[in-house]
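Reckoned from all heavy atoms, side chains included, excluding hydrogens, waters and symmetry mates. Chain A is the first sequence line, chain B the second, and so forth, proteins listed ahead of strands; every chain is numbered from 1. Bear in mind the structure is a predicted one, so any value in this text is a computation, not a measurement.
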Amino acid sequence: MSKARVLVGTRKGAFILTSDGKRQNWDVSGPHFAGWEIYHLKGSPADPNRLYASQTSGWFGQVLQRSSNGGKTWETPGGGVSMSPDGMPSGESNKFVYDTSAETGKPLTTHQWYDGTQHPWEFKRVWHLEPSLTDPDTVYAGVEDAAIFRTTDGGHSWHELSGLRGHASGPKWQPGAGGMCLHTILLDPNHPGRMFIAISAAGAFRTDDGGKTWKPINLGLKSNTIPDGTAEVGHCVHRIAMHRSRPDVLFMQKHWDVMRSDNGGELWHEVSGNLPSDFGFPIDVHAHEPETIYVVPIKSDSEHYPPDGKLRVYRSKTGGNEWEALTKGLPQSNCYVNVLRDAMAVDSLDSCGIYFGTTGGQVYASADAGDNWAPIVRDLPAVLSVEVQTLS
Amino acid sequence: MIRVIIPAHLRTLAHVEDELELDVQAPVTTCAILDAIEERYPMLRGTIRDHVTKQRRPFLRFFACEEDLSLDSPDAPLPDAIASGKEPFFIIGAIAGG
């Protein structure tokens with residue numbers, strides 16, 4: 001019988017929630033890595049028992065964890081206790097070092113700082129881990145300051161795909177309030193060399209050659225907060241999503257505006273329609289209905305809680321523009337939590353399950369595509385990320 | 001044998017429950033102690049000092065014999081009490097955060 005495994009990253013550790021296909025009763029495991037910020041966990045599509053986790057701390061920096069048994073036990077790849085000087089593990093699973101210029105050996109580029117001056121890239125943490133669709137040992141990491149790294153040895157070592165940061169627009173990228181993070185990585189299942197990424201606040205980019213070269217794909221985005229509202233880069237993209245059956249169709253939650261592209265990001269148009277707020281962080285697509293999408297409207301500028309204190313997921317069955325509020329089981333008064341960009345996911349059971357976590361520590365699940373909701377857990381630390389695996 | 005006390009989170013990461021005991025060749029310095037830690041416990045690389053620059057992470061301090069040695073040269077010899085193992089070398093995390 002199929003089951004669902006939900007991977008939850010929080011400010012104070014990771015939690016793993018499992019249920020059978022009914023998704024009514026849940027087992028809760030955790031906290032794993034108690035006391036550490038877990039920005040993201042994700043399982044390999046090629047081997048569901050292979051999980052990766054980004055463990056970070058302001059004190060001790062970045063740690064990369066890996067499990068080969070679905071989260072029962074974890075290890076730092078190549079970082080086991082060394083008993084002998086010979087054959088010592090490399091211990092470099094947390095070593096994210098930016099490429100330098102091949103000609104000069106100096107930093108590849110600088111980016112724009114909050115005050116408009118140029119600033120060197122400084123690694124802070126891994127925001128997002130995206131395992132390969134076909135190889136459990138290959139994973140992409142989106143990091144702050146924005147860059148993409150890849151491991152092909154199960155996390156033992158990481159190497160930058162520096163064509164992204166080396167793009168001529170690099171000096172124009174700038175951090176958002178939460179830092180300059182590469183937070184979204186989408187792998188095109190039909191074209192192995194094609195990837196989409198998104199950076200706050202630079203925008204969306206696409207590669208068609210496996211990460212060697214990248215193209216900004218921000219045409220059609222309008223950002224009132226930057227001097228040139230239609231600039232090539234500088235847009236605060238919060239999240240992009242695709243349905244694997246139709247990877248040329250992309251959906252985007254931007255700082256303001258929900259957007260859609262029907263041509264792999266070449267051009268975007270707004271589909272915010274009747275949403276009560278076009279600001280928000282996550283966006284996701286129904287597993288079986290490519291035109292059914294979900295967002296969680298949030299009030300902004302700086303409030304970052306649901307409009308009117310009502311936690312509502314909005315669903316569009318028309319690929320945007322026409323939205324319906326999904327409220328059954330969600331608090332409809334005095335709710336002032338946020339839902340962060342990596343904190344929504346869908347399973348591929350029938351019917352499709354939708355999950356999201358809040359900064360108030362709740363993880364909500366709907367086993368019927370959003371019609372009805374119930375909390376799996378109510379009192380976790382602030383939730384940073386939610387992923388779900390559908391297991392057979 | 002050099003004795004080193006590290007923060008609780010690093011003990012968890014290194015799978016140790018108490019202070020570290022390390023063989024360190026003379027002269028015993030902060031750098032030599034950190035080299036020994038990272039050789040014996042590779043999972044701690046990058047958590048105390050930067051992988052490349054070897055700079056101490058800003059929320060950590062080094063103490064020995066009740067003295068803050070954080071700003072001293074990492075190549076300066078440590079007190080005899082550290083070198084002999086009479087006193088432990090402390091790596092301390094800032095008491096801060098939520």
Does [X] [atom1] have over 12 foreign heavy atoms under 6.0 Å away?
X        : atom1 : result
A:Asn69  : CG    : yes
B:Glu17  : CD    : no
B:Asp80  : CG    : no
A:Tyr336 : OH    : yes
B:Lys54  : NZ    : yes
B:Gln25  : CD    : no

### Query
Of the backbone (N, CA, C, O) and the side chain (C-beta and beyond), which part of A:Glu75 lies under 4.5 Å from a heavy atom of chain B, both, or neither?
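When you check distances to chain B, no heavy atom of A:Glu75 falls under 4.5 Å.
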Could you grab the distance from atom [atom1] of [X] to atom [atom2] of [Y], nearest 0.5 Å is fine?
X       : Y       : atom1 : atom2 : answer
B:His15 : A:Thr76 : NE2   : OG1   : 6.0 Å
B:Ile95 : A:Trp59 : CD1   : CH2   : 8.5 Å
B:His51 : A:Glu92 : NE2   : CD    : 6.5 Å

### Message
Test side chain to side chain contact (heavy atoms under 4.5 Å, CB included) on A:Asn94 and B:Met43; report intermediate values, then the result.
### Response
CA-CA 8 Å; A:Asn94 61 348; B:Met43 72 287 278; over 6 Å; no
### Among the listed options B:Thr12, B:Asp50, B:Leu60, the residue most often paired with chain A at heavy-atom distances under 4.5 Å
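It is B:Leu60.
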### Distance-minimising heavy-atom pair for A:Phe60 and B:Arg57
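Scanning both residues completely, I find the closest heavy atoms to be C-NE, 3.3 Å.
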### Task
Could you look at B:Pro7 and say if it's the side chain, the backbone, both or neither that has a heavy atom under 4.5 Å from chain A?
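When you check distances to chain A, only side chain atoms of B:Pro7 fall under 4.5 Å.
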### Query
With only heavy atoms counted, which part of B:Leu44 is less than 4.5 Å from chain A, the side chain, the backbone, both or neither?
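Neither the backbone nor the side chain of B:Leu44 comes within 4.5 Å of chain A.
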